[in-house]
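Structure first, commentary second.
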Amino acid sequence: MAKKQYDVKDLKLAEQGKKRIDWADQSMPVLRKVREHFAKEKPLKGITLSACLHVTAETANLVRALKAGGAKVFLCASNPLSTQDDTAAALVKHEGIATFAIKGEDHDTYYGHLRAVLDEKPVLTMDDGADLVSLLHREYSAYMPNVRASMEETTTGVIRLHAMERDGALRIPIISVNDAATKHLFDNRYGTGQSTIDGVLRATGLLYAGKTIVVAGYGWCGKGVAMRARGMGAQVVVTEVEPIRALEAAMDGLRVMPMRDACRIGDVFITLTGDKHVLREEHFQSMRDGAIICNSGHFDVEIDMKTLRRLAKKIEREVRRSVDAYYLPNGRCVYVIAEGRLVNLAAAEGHPASVMDMSFATQALSAEWALRMANKGKLPVKVHNVPKQIEDEVATVKLESMGVKIDRLTSEQKEYLTSWSEGT
Ligand SMILES: NC(=O)c1ccc[n+]([C@@H]2O[C@H](COP(=O)([O-])OP(=O)(O)OC[C@H]3O[C@@H](n4cnc5c(N)ncnc54)[C@H](O)[C@@H]3O)[C@@H](O)[C@H]2O)c1
């Protein structure tokens, strides 16, 4: 069978997708500036770049910037439920990008799409969750010498890549875009914070005020969700395993307790830990009738869905859009949003463009930097941080676009801050 040039749901959705992409572009001034710089300098000229990212309008603008920089981009989805089918269609029709992504694709199609972009023998890759790099290492050994670097977008991906580095399995240089301040401080906190609240709201229509919202994991994402839920009048309970993060939550004025206690009092449960089976059988059994469960961590492993399916005496699909009801033998019912997959992308539209502006400007500039360093032979095989200079540049342009000005150090202050002689 001839190889497909692209695989999207319906090209007729392209006009709608184009509008969505242009709308997002208006809120992405930093990425637009990168695109202009790329169009002029062509730093990625002739490079094949395979990307496995959430196929959303914001990603489409990243792809436009990479293409403007001279790269030949191939795109697939990093989650089976996060694809915007209209965006995917517009990328094919209006941008000429070979896109392989269909919302709701099954496991085999998902991996078929990853293979389709790897078959292009990329020189650079981009990942959100490390599925592409992991498949590359497992099955595409022959292509490895071709790959100069890979950019990783999310916490879970970086954790997996550090594990590969520790085990001596990593064979290409990685740039940890997630660890850049211009990514996790804003995207994970404000982006996930707002879009997770949005996903739960769109799926259920619930009133946050007065509800008990249990946030599992008080990392960058968890803090954002907790802060916003509290702002809407909810009582927020945090569960944690790290003492410092738990202390932070307690001193931020939130109730902290183990999940075995929280599961009895929560109205809504949101997992954002990057960990496995944070909600499991013992918790499902103790939840109130009508409890709502969802996940905003990267993989759909945070809620033990397999056990919940086994426990349920009846499952009613789509009692509302994206919501399934699980009737338990104890006579109670729990509702699961988006089958335990990323609630903000599956039940809403993912992060607002204005925050992805910084994440994706950091991605694009990291790709330029990584290629330059690799070409000079100065990018050893390990997980690298994004250079501070890129973070400063992204933050400076973002502030400018917001019309925010800041102070500059005087020469006296510069000297003071670099000396040790002045004291009490
Ligand atoms: N929904 C999105 O769009 C989106 C965006 C960015 C990141 N993510 C994902 O969200 C997850 C969290 O990211 P982050 O940046 O906040 O990570 P983080 O490392 O800053 O925070 C995770 C927190 O979870 C805690 N934790 C781990 N296991 C736990 C358990 N069993 N019970 C309670 N707490 C536990 C950790 O101690 C840590 O404080 C990751 O999977 C990441 O990839 C999702």
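All ligand and atom numbering here is 1-based and tracks the order in the structure.
- In summary, the atoms of ligand 1 found under 4.0 Å from a heavy atom of Leu342, numbered by their order in the structure, are 1 (N), 2 (C).
- Considering all non-hydrogen atoms of both residues, Ala262 and Thr239 come closest at CB-CG2, 4.0 Å.
- Under a 4.0 Å N-O distance rule, the pair Glu152/Arg160 does not qualify as a salt bridge.
- Atoms of ligand 1 found under 4.0 Å from any heavy atom of Leu272, numbered from 1 in the order shown, are 12 (C), 22 (C).
- A salt bridge links Lys93 with Glu15: the closest approach of a Lys/Arg side-chain nitrogen to an acidic carboxylate oxygen falls below 4.0 angstrom.
- In this comparison of Thr192, Val355, Leu279, the heavy atom closest to atom 4 (C) of ligand 1 sits on Thr192.
- The Asp275 neighbourhood of ligand 1 comprises atoms 28 (N), 29 (C), 30 (C), 31 (N), with distances under 4.0 Å to a heavy atom of that residue.
- Atom numbering of ligand 1 starts at 1 in the shown order; those under 4.0 Å from a heavy atom of Thr154 are 6 (C), 7 (C), 8 (N), 9 (C), 42 (C), 43 (O).
- Of the listed options Val225, Thr273, Thr155, Thr273 places a heavy atom closest to atom 22 (C) of ligand 1.
- Of the candidates His184, Met259, Arg245, it is Arg245 that places a heavy atom closest to atom 18 (P) of ligand 1.
- Assignment of Glu240 to the shell around ligand 1 is supported, since a heavy atom sits closer than 4.0 Å.
- In this structure, Arg255 does not pair ionically with Asp261, as no charged nitrogen and carboxylate oxygen lie closer than 4.0 Å.
- Ion pairing between Lys223 and Glu248 holds under the 4.0 Å rule for side-chain N and carboxylate O.
- Salt bridge present: Asp22 and Lys18 bring a charged side-chain N and a carboxylate O closer than 4.0 Å.
- Look at Lys223 and you'll find every heavy atom at least 4.0 Å from all atoms of ligand 1.
- The ligand atoms of ligand 1 that sit less than 4.0 angstrom from a heavy atom of Ser296 are 1 (N), 2 (C), 4 (C), 10 (O), 44 (C).
- When each atom of ligand 1 is checked for a heavy atom of Trp220 under 4.0 Å away, the hits are 16 (O), 20 (O).
- Close approach to Val241 involves these atoms of ligand 1, each under 4.0 Å from a residue heavy atom: 26 (N), 27 (C), 28 (N), 29 (C), 30 (C), 31 (N), 32 (N), 34 (N), 35 (C), 37 (O).
- By the side chain to side chain contact (heavy atoms under 4.5 Å, CB included) test, Arg372 is found to be paired with Glu368, Trp369, Lys376, residues two or more places apart in sequence or in another chain being considered.
- With respect to the salt-bridge test (charged N to carboxylate O, under 4.0 angstrom), the residues Arg202 and Asp198 qualify.
- Each of the atoms 33 (C), 34 (N) of ligand 1 lies under 4.0 Å from some heavy atom of Thr239.
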